[in-house]
Protein chains: 2
Amino acid sequence: MEKCTNEAHHHSKHNHQLCYEHTMQTIEKLCAKRNIRLTPQRKTVIQLMLNADKAMSAYDLLDQLKEIEPQAKPPTIYRALDFLIEQGFVHKVESINCYIICPHFDDPSHISILFICDKCQSIIEEHSPIIEAQLQSLAQKNMFIIQHSVLEIHGTCQHCANQIVGQ
Amino acid sequence: MEKCTNEAHHHSKHNHQLCYEHTMQTIEKLCAKRNIRLTPQRKTVIQLMLNADKAMSAYDLLDQLKEIEPQAKPPTIYRALDFLIEQGFVHKVESINCYIICPHFDDPSHISILFICDKCQSIIEEHSPIIEAQLQSLAQKNMFIIQHSVLEIHGTCQHCANQIVGQ
DNA sequence: TGCATAACGATATATGATATTATTAATAAA
DNA sequence: TTTATTAATAATATCATATATCGTTATGCA
């Protein structure tokens, strides 16, 4: 997994097919272990997200899903996304109402920090024990019990920043 | 302003009217200084948010606004909110599609960390230079230029946690 | 006073998401 | 293998959130 995060092959000539196969196999194994069903529909949605290489809205995904399963309706995609989020394979990016494959679903122990490029919708995922500790400390100060953290940083990625300079 | 943040008077017997007047006066002064118009409609929306003491959805606000201005339509409230966000008086809480008065609009130099109670929608705003520095360092590592940060922590506030224990 | 701009009103529509109910497929039990 | 049970999918309706457009009105300023 480590070498196959979104940022690693975004804007590169990296062989998606290989990476895609690897990720899909990992997800399949996990589902088998958890005794949950990775149906063809759910698998298709994962495929679409892996091929996209950027944050996709539910309706982006629905449009593409319809090409394969023409009967798909909004609830179709939301059901698939709900399942994938529940299992930790997908993150919802709250600040742009989009969805991405979680690049570390096999190790869900840390909080995701998403760096979102507002130009190309590519997303880099990072982690920081320091930030996690600091958040816990702020929570404790306020007697607040943390359940889920949304850390989404907007800006411009290296690639898009270079493009602007290059123009 | 410091003594009048949302958390300070939430669930307390603090005199809202005083705090409200003070906040409103500060906003009025700032608008005068910036040469922008704080219209009665915009003022009403600020009032509604100050009285609410929790995150309000656009349509929550619209319903209340309609009681005062019956002609109000969705664009009415979104225009007011856009203005108030632009001027830094209001934050959008991205992960719940709600809006709050920013308790430190007179000093917008730091990133807001919102602790959101999923039981009562009350919100505590915090800041952390440590987290800001850590985010900058992660951004630099990825050659990412930060423009705007969304830090929203979900969980249970002290008051709601006590309620559950007390039952 | 008259022009330019900003704000507001009104309608329509787009987008995002959930609820409900029906139907079909997969698995387990008799 | 038939029936019961459960999970998955389909279809539609509805709710929630947000924007586009355009005509009108108010305000500030030359």
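Per chain, numbering begins at 1; letters A, B, ... match sequence-line order. Keep in mind that this is a model prediction, so the values were computed, not measured.
- Judged as a side-chain hydrogen bond (donor to acceptor under 3.5 Å, both in side chains), and not counting sequence neighbours, A/Lys66 has no contacts.
- No path of Ile, Leu, Val, Met, Phe, Trp and Tyr side chains, each step under 4.5 Å between heavy atoms, connects B/Val150 with B/Ile145, placing them in separate hydrophobic clusters.
- Nucleotides of DNA chain C with any atom under 4.0 Å from a heavy atom of chain A span, from 5' to 3', C/dG16 to C/dA19.
- Evaluation of the side-chain contact (heavy atoms from CB on, under 4.5 Å) rule for B/Ser137 yields no partner, not counting sequence neighbours.
- Judged as a salt bridge (Lys or Arg N to Asp or Glu O under 4.0 Å), and not counting sequence neighbours, the contacts of A/Lys141 are B/Glu126.
- At a non-hydrogen distance threshold of 4.0 Å, B/Arg37, B/Thr39, B/Gln41, B/Arg42 from residues 34-42 of chain B come into contact with DNA chain C.
- Applying the side-chain contact (heavy atoms from CB on, under 4.5 Å) rule to A/Ser112 yields the partners A/His91, A/His104, A/Leu114, A/Glu125, A/His127; only residues at least two apart in sequence or on another chain are considered.
- B/Lys73 is linked by a salt bridge (Lys or Arg N to Asp or Glu O under 4.0 Å) to nothing, counting only residues two or more places apart in sequence or in another chain.
- The side-chain hydrogen bond (donor to acceptor under 3.5 Å, both in side chains) test applied to B/Gln87 returns B/Arg34, not counting sequence neighbours.
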Do any N or O atoms of the protein come closer than 3.5 Å to N or O atoms of nucleotides 11-18 of chain D, and which pairs are they?
{"unit_1": "D/dA18", "atom_1": "OP1", "unit_2": "B/Lys92", "atom_2": "NZ", "d": "2.6"}
{"unit_1": "D/dA18", "atom_1": "OP1", "unit_2": "B/Asn97", "atom_2": "OD1", "d": "3.4"}
{"unit_1": "D/dA18", "atom_1": "OP2", "unit_2": "B/Tyr78", "atom_2": "OH", "d": "3.0"}
{"unit_1": "D/dA18", "atom_1": "OP2", "unit_2": "B/Tyr99", "atom_2": "OH", "d": "3.2"}
{"unit_1": "D/dA18", "atom_1": "O5'", "unit_2": "B/Tyr78", "atom_2": "OH", "d": "3.4"}
{"unit_1": "D/dA18", "atom_1": "N7", "unit_2": "B/Tyr59", "atom_2": "OH", "d": "3.0"}

For residues 40-47 of chain B, please give each side-chain donor-acceptor pair under 3.5 Å, one per line with the distance, not counting sequence neighbours.
{"unit_1": "B/Gln41", "atom_1": "NE2", "unit_2": "B/Glu69", "atom_2": "OE1", "d": "2.9"}
{"unit_1": "B/Arg42", "atom_1": "NH1", "unit_2": "B/Arg37", "atom_2": "O", "d": "2.5"}
{"unit_1": "B/Lys43", "atom_1": "NZ", "unit_2": "B/Glu28", "atom_2": "OE2", "d": "2.4"}
{"unit_1": "B/Thr44", "atom_1": "OG1", "unit_2": "B/Pro40", "atom_2": "O", "d": "2.7"}
{"unit_1": "B/Gln47", "atom_1": "NE2", "unit_2": "B/Tyr20", "atom_2": "OH", "d": "3.0"}

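- Taking A/Ile130 as the reference, A/Ser128, B/Ile130, B/Gln134 meet the side-chain contact (heavy atoms from CB on, under 4.5 Å) condition, with sequence neighbours excluded.
- Scored by the side-chain contact (heavy atoms from CB on, under 4.5 Å) test, B/Asp82 finds no partners at all (sequence neighbours excluded).
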